[in-house]
**Student:** 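Below are the structure tokens for one structure; questions will follow.
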Amino acid sequence: MNSQTFAKITVRVYLGLFIVYMLLPLAIMGGAGLNNTRFPSVYPWVGITDRWFIDLWNDQRMWGSIRNTTWVALAVVMISVPIGTAAAILLNSVKPKLRSVLYGFMVAPILTPGAVIGISTLLFWNSFGVSAGLYLSVLGQVSFVAAYVMLMVLARLQSFDPALEEAALDLGATHGQVIRRILVPHLYPAIIAGAVIAFFQSVENFNVTLFTRGNSDTLTVYVGSKIRSGITPTINALALLLIIVTVICAVIYEVLRRRAEKRAAALVAAED
Amino acid sequence: MQELIRRYGISLSVIMAAMTAFWLLALVVIPNLVLFKFSFRLYLPVDQLGGPNDVYTLKNYITFFDSPIHINVFFATIMYSSIVTIICLIVTYPIAYMLAKVLKPTDTATFFLVLLIPLWVSEILRSFAWFIILSAQGPLNAFLVGIGLIEKPIRWITGFQAVVVGLVYAYILFMLLPIYNAIQALDTNQIEASQDLGASTWRTHWRVVIPHSKPGIASGCVMVFMLCAGSVVVPSTLASTNSRWFTEIIQQWMFEGLDWNVGSAYAFLLLVLCIVFVSLVMRVLNVRLVDIAK
Amino acid sequence: MSEDVHLSQISMDFGSFRAVNNVEVTIKPGEFFSFLGPSGCGKTTILRLISGFMDPTEGAIKIGGKDMRGIRPNARPTALIFQNLALFPLMPIWENITFGLEVRGVPKAIRRAKAEELLQLVDLHDSADKRVSQLSGGQKQRVAIARALAVEPKVMLLDEPLSALDLKLRQHMRAELRAIQKRTGVTFIYITHDQGEALAMSDRVGVMSQGVLQQVATPQEIYNNPTNGFVASFVGENNVFTGRVKSVSDGIAVFDTPKGNFSAKLGQNVSVGDTSKLYVRPEFCTLHREADAKANSIAVEVSEIAFEGNFVNVFVKDHSGDTHMVQVQNDPAVPPPALQTSCQMVFNPASCMILAEANTGHSGH
């Protein structure tokens with residue numbers, strides 16, 4: 001064996017181990033949802049059962065939390081996507097000095113711990129008499145989710161030729177028509193991707209929600225409280241379902257993303 | 001602003017500026033100022049509001065500095081967050097390099113497709129997975145006993161070891177992705193040129209690849225550290241009584257003590273910690289904020 | 001169908017930098033007018049002022065007698081063809097062409113018919129449903145023209161639209177543009193730094209330097225009778241001699257240079273006693289064995305010969321070592337003199353001019 005094949009094998013083994021490290025814990029957790037034991041575990045393997053799924057199905061609190069999560073996530077998408085897009089467009093046409101200041105404020109929420117965002121949102125709206133509840137969770141989540149949307153749209157704006165806007169104006173389009181027919185179609189892939197990211201960021205969010213939710217449950221908060229209060233394999237059943245949903249969504253997203261990327265690449269190639 | 005109006009007209013400019021202003025003012029800047037203000041006020045019964053005790057004071061912060069336990073927890077949080085950050089960096093740098101420069105692009109794409117699953121599964125489930133693995137009756141102990149490495153199950157969930165394991169697992173991809181992006185943007189010719197000029201593998205990395213991937217490294221370190229220090233889920237799942245996390249103290253003040261003023265003082269300390277860390281990384285690695293947040 | 005464009009003493013400042021300085025010109029209806037100048041001379045600024053992306057600091061722009069100040073680009077009777085064409089990549093060709101009609105609320109069926117009609121006009125059949133990325137450079141050019149024509153502009157503004165094309169295609173598109181302009185009768189205002197383009201296509205050319213309009217004239221006039229040294233040297237090649245004007249009679253001056261006295265036409269803003277420059281085109285110079293008493297002569301030696309195809313550039317050195325260029329037609333029967341041949345470079349007083357430097361806008365008038 002020469003040193004090059006050795007290096008090749010080392011690379012494969014290292015990457016393989018990493019994949020196993022990333023996936024095995026999820027498999028173990030999901031597998032425990034199928035095992036017929038009182039405490040969630042894959043070992044010893046007692047036998048496959050569907051009883052944890054049936055327990056889960058009958059848990060009204062779980063259904064309520066799913067409804068809440070969906071509601072919050074949709075609201076976060078509806079608010080953060082327009083805000084993030086507008087902020088990116090604005091950032092793209094202001095002077096460099098103002099741009100870097102605004103940019104700093106815009107990305108700050110990404111670098112702020114969720115607990116801090118949650119508490120500050122709670123205190124701020126409380127001083128207006130708005131008490132904790134899912135509304136506040138939405139606002140708290142928007143504050144950092146909008147930053148992700150902004151970054152994605154801003155990246156897409158880099159490949160936009162401002163001459164297209166001028167051409168449309170010159171041909172008689174109004175400013176509204178320029179945005180609708182020229183700018184937004186160009187930003188579309190980033191806006192869609194931003195919406196998907198926003199939805200998932202919201203669904204997965206725990207920290208901001210924990211401090212702002214009041215008495216309402218979201219799915220992550222529900223799982224969190226279940227883990228604390230007493231563990232049964234219903235959580236693993238739920239985890240298995242969530243992983244399956246995640247895999248499906250991730251694959252769909254990735255397929256769409258690659259298709260858009262291919263189209264963009266074809267456009268760029270044709271430009272030259 | 002003139003440029004904006006020229007491109008999109010006055011009314012659309014106003015709408016976009018208003019949306020941005022709402023976000024930055026109502027959702028980002030002012031809430032943090034309110035948090036800051038709150039941390040200097042006292043938690044008082046309703047009838048004392050506006051009374052002689054309703055003043056600005058450092059008492060909430062003194063509460064922290066008077067409590068050796070809380071100071072201990074604060075520094076433990078910093079220390080173990082740093083350890084997690086370093087572990088993530090050491091583990092993922094070679095992976096990022098291999099994915100960006102060694103593997104065929106199609107293999108890399110497949111690799112990331114698989115990684116999407118743990119990336120998109122929520123952090124609470126990722127830490128719960130380790131709770132099951134590390135539990136006394138869990139598969140890890142069963143495996144180790146099975147191959148005869150240990151005689152009886154070990155209690156893993158004690159001290160900070162389980163928290164570190166959980167944090168690494170939960171946030172390692174936030175280190176991998178930015179470093180990968182940075183290395184990928186490096187022209188492969190530069191690596192070949194370095195080797196062609198006689199540099200060893202170590203030297204090529206030290207002088208060419210690492211300097212180029214600095215923004216990615218900075219971004220990864222900041223994200224991982226911030227997520228660790230601010231993590232609520234992982235410590236609440238994997239910590240035990242002898243390993244408390246700073247966010248747990250904050251929760252205690254907010255939910256059990258119901259003293260939001262002390263809570264906001266502690267939250268502000270956490271914010272300061274993160275700001276200091278970001279500035280430190282920017283300083284040490286000599287990168288700009290634009291490079292970190294991408 | 002078309003309108004005149006009157007630039008009435010317009011100036012444009014960017015901070016302390018004056019990009020356009022007191023430009024006064026009237027472009028006639030249906031005219032093909034070019035602004036010619038090096039990059040940074042202010043010609044693109046003029047185009048953006050006419051199209052309405054900015055308003056001049058001073059002066060007025062009138063189209064068809066109507067002052068355009070404050071009128072936005074979407075309300076002006078102009079259509080601009082961008083340097084990079086700015087075709088909308090996400091729309092098929094026909095939607096690109098009729099975008100200007102779409103935003104005016106014209107129904108789809110009518111737009112589609114109009115698109116087909118315009119595609120005929122620019123010789124692009126069967127391309128209506130193609131994507132921009134499927135077209136070649138020349139085809140994109142035609143689509144851009146069709147798109148601009150669709151809004152039936154009174155004035156068409158073109159910002160170096162041929163600069164991205166290769167040489168062959170560029171020459172072909174020159175003729176094409178000219179033909180389309182004649183067919184439609186629309187006033188064309190064309191911006192270029194390529195003198196060949198400007199001379200070949202335009203009815204009149206305005207040469208610009210440092211924001212100042214140096215000369216407005218027909219291509220022949222610009223080339224044969226430049227008003228100053230900048231125009232002479234920017235448009236075409238020259239042999240230049242520095243010297244002093246000694247005397248003048250009947251418009252012909254005696255010009256005293258270190259290489260001898262030359263007779264030449266005296267240009268504007270030059271008078272007896274001035275130190276100035278004499279310009280003569282290489283194709284107006286000839287090489288002879290003997291000096292010519294009726295013309296200007298200078299003793300030279302052939303130093304280099306460059307064969308260019310239809311003509312030959314002969315480089316000669318005078319006694320003080322300065323190089324001059326003589327351009328002769330390629331004719332195998334009359335080959336140029338061999339290298340190192342000593343001979344006389346001769347040029348006629350009627351074909352050389354003593355000219356002032358460029359007009360910087362600071363002095364004069």
Side-chain angles (χ1 to χ4, degrees), chain A residues 11 14-15 18-19 22-23 25-26 28-29 32 39-43 82-83 86-87 89-90 93-94 103-105 107-116 119-121 123-124 127 139 142-143 146 151 165 175-176 179 200 204 206-207 210-211 220 223-224 227 239 242-243 246-247 250 254, chain B residues 1 3-4 7-9 12 16-17 19-20 23-24 27-32 34-35 38 94-95 98 102 113-118 120-122 124-125 128-130 132-133 137-139 142 169 222 226 229-230 232-233 236-237 247 250 254 260 263-264 267 270-271 274 278 289-290 293-294:
Chain A
V11 167
Y14 192 59
L15 292 177
F18 186 71
I19 283 282
M22 289 313 296
L23 295 184
L26 298 179
I28 289 171
M29 171 175 59
F39 184 84
S41 181
V42 285
Y43 186 88
I83 285 184
I89 294 173
L90 181 126
S93 41
V94 294
Y103 188 90
F105 279 110
V107 298
I110 294 182
L111 306 174
T112 305
V116 177
I119 294 173
S120 63
T121 305
L123 296 178
F124 175 65
S127 59
L139 291 174
V142 166
S143 84
L151 287 174
E165 285 172 2
H175 290 295
I179 294 213
F200 271 83
E204 290 178 11
F206 184 86
N207 296 3
L210 181 70
F211 289 95
T220 49
V223 173
I227 291 174
L242 287 177
I243 290 171
T246 306
V247 170
E254 187 62 15
Chain B
M1 226 43 186
E3 164 95 351
L4 186 72
R7 286 174 73 170
Y8 305 111
L12 284 164
M16 290 193 284
M19 284 161 86
T20 310
W23 172 31
L24 292 185
L27 303 181
V28 180
V29 174
I30 302 179
N32 280 298
V34 170
L35 175 85
F38 239 75
I95 296 175
M98 291 168 187
V102 181
L113 199 63
V114 176
L115 281 193
L116 275 179
I117 302 163
W120 286 54
V121 167
S122 77
I124 192 160
L125 292 180
F128 179 57
W130 281 97
I132 291 175
I133 294 170
Q137 313 299 322
Y169 183 72
V222 165
M226 184 276 290
V232 176
V233 166
S236 71
T237 314
T247 49
I250 296 177
M254 295 298 291
W260 291 5
S264 52
L270 182 61
L271 183 61
C274 288
V278 171
L289 192 59
V290 184
K294 265 198 180 138

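Order of the sequence lines fixes the chain letters, A, B, ..., with proteins taken first and strands second; residue numbering starts at 1 for each chain. Just the heavy atoms: all of them, side chains too, but no hydrogens, waters or symmetry mates, feed the values below.
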**Student:** Heavy-atom cut-off 4.5 Å, strictly under: side chain, backbone, both or neither for L26(A) against chain B?
**Tutor:**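 Both parts, backbone and side chain.
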**Student:** For I133(B), which atoms come within 4.5 Å of any heavy atom of chain A: side chain, backbone, both, or neither?
**Tutor:**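 For I133(B), the side chain is the part near chain A, not the backbone.
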**Student:** As an exercise, state the distance from CG of L111(A) to CG of L289(B), rounded to the nearest 0.5 Å.
**Tutor:**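 It is 6.5 Å, given to the nearest 0.5 Å.
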**Student:** Given heavy-atom pairs under 4.5 angstrom as the criterion, report whether the side chain, backbone, both or neither of V102(B) touches chain A.
**Tutor:**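 For V102(B), the side chain is the part near chain A, not the backbone.
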**Student:** Could you measure the distance from the CD1 atom of I179(A) to the CE atom of M16(B)? Nearest 0.5 Å is fine.
**Tutor:**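 It comes to 4.5 Å.
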**Student:** So for L271(B), is it side chain, backbone, both, or neither that comes closer than 4.5 Å to the heavy atoms of chain A?
**Tutor:**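 Contact with chain A: backbone and side chain both.
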**Student:** With only heavy atoms counted, which part of I132(B) is less than 4.5 Å from chain A, the side chain, the backbone, both or neither?
**Tutor:**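 The side chain, not the backbone.
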**Student:** Given a strict heavy-atom distance threshold of 4.5 Å, which part of L123(A) is in contact with chain B: side chain, backbone, both, or neither?
**Tutor:**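 Both backbone and side chain.
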**Student:** Shorter than 4.5 Å, heavy atoms on both sides: which option in S236(B), G138(B), A229(B) has the most such pairs with chain A?
**Tutor:**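 The answer is S236(B).
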**Student:** Select one option (side chain, backbone, both, neither) describing which atoms of Y169(B) are under 4.5 Å from chain A's heavy atoms.
**Tutor:**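 For Y169(B), heavy atoms of backbone and side chain both lie under 4.5 Å from chain A.
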**Student:** So what's closer than 4.5 Å to chain B heavy atoms on L139(A): side chain, backbone, both or neither?
**Tutor:**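 Both backbone and side chain.
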**Student:** Measuring heavy-atom distances to chain A, does V121(B) have an atom under 4.5 Å in its side chain, in its backbone, in both, or in neither?
**Tutor:**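 Both backbone and side chain of V121(B) come within 4.5 Å of chain A.
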**Student:** Considering only heavy atoms, which portion of L4(B) lies under 4.5 Å from any heavy atom of chain A: side chain, backbone, both, or neither?
**Tutor:**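 For L4(B), backbone and side chain are both near chain A.
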**Student:** Check each atom of F18(A) against the heavy atoms of chain B and say whether the ones under 4.5 Å are side chain, backbone, both or neither.
**Tutor:**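 Contact with chain B is through the side chain of F18(A) alone.
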**Student:** As an exercise: rank V114(B), V29(B), T247(B), V278(B) by heavy-atom pairs under 4.5 Å with chain A and give me the winner.
**Tutor:**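 Winner by heavy-atom pair count: V114(B).
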**Student:** Counting only heavy atoms closer than 4.5 Å, note whether W120(B) contacts chain A via side chain, backbone, both or neither.
**Tutor:**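 For W120(B), heavy atoms of backbone and side chain both lie under 4.5 Å from chain A.
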**Student:** What part of L90(A) lies closer than 4.5 angstrom to a heavy atom of chain B: side chain, backbone, both or neither?
**Tutor:**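 Contact with chain B: backbone and side chain both.
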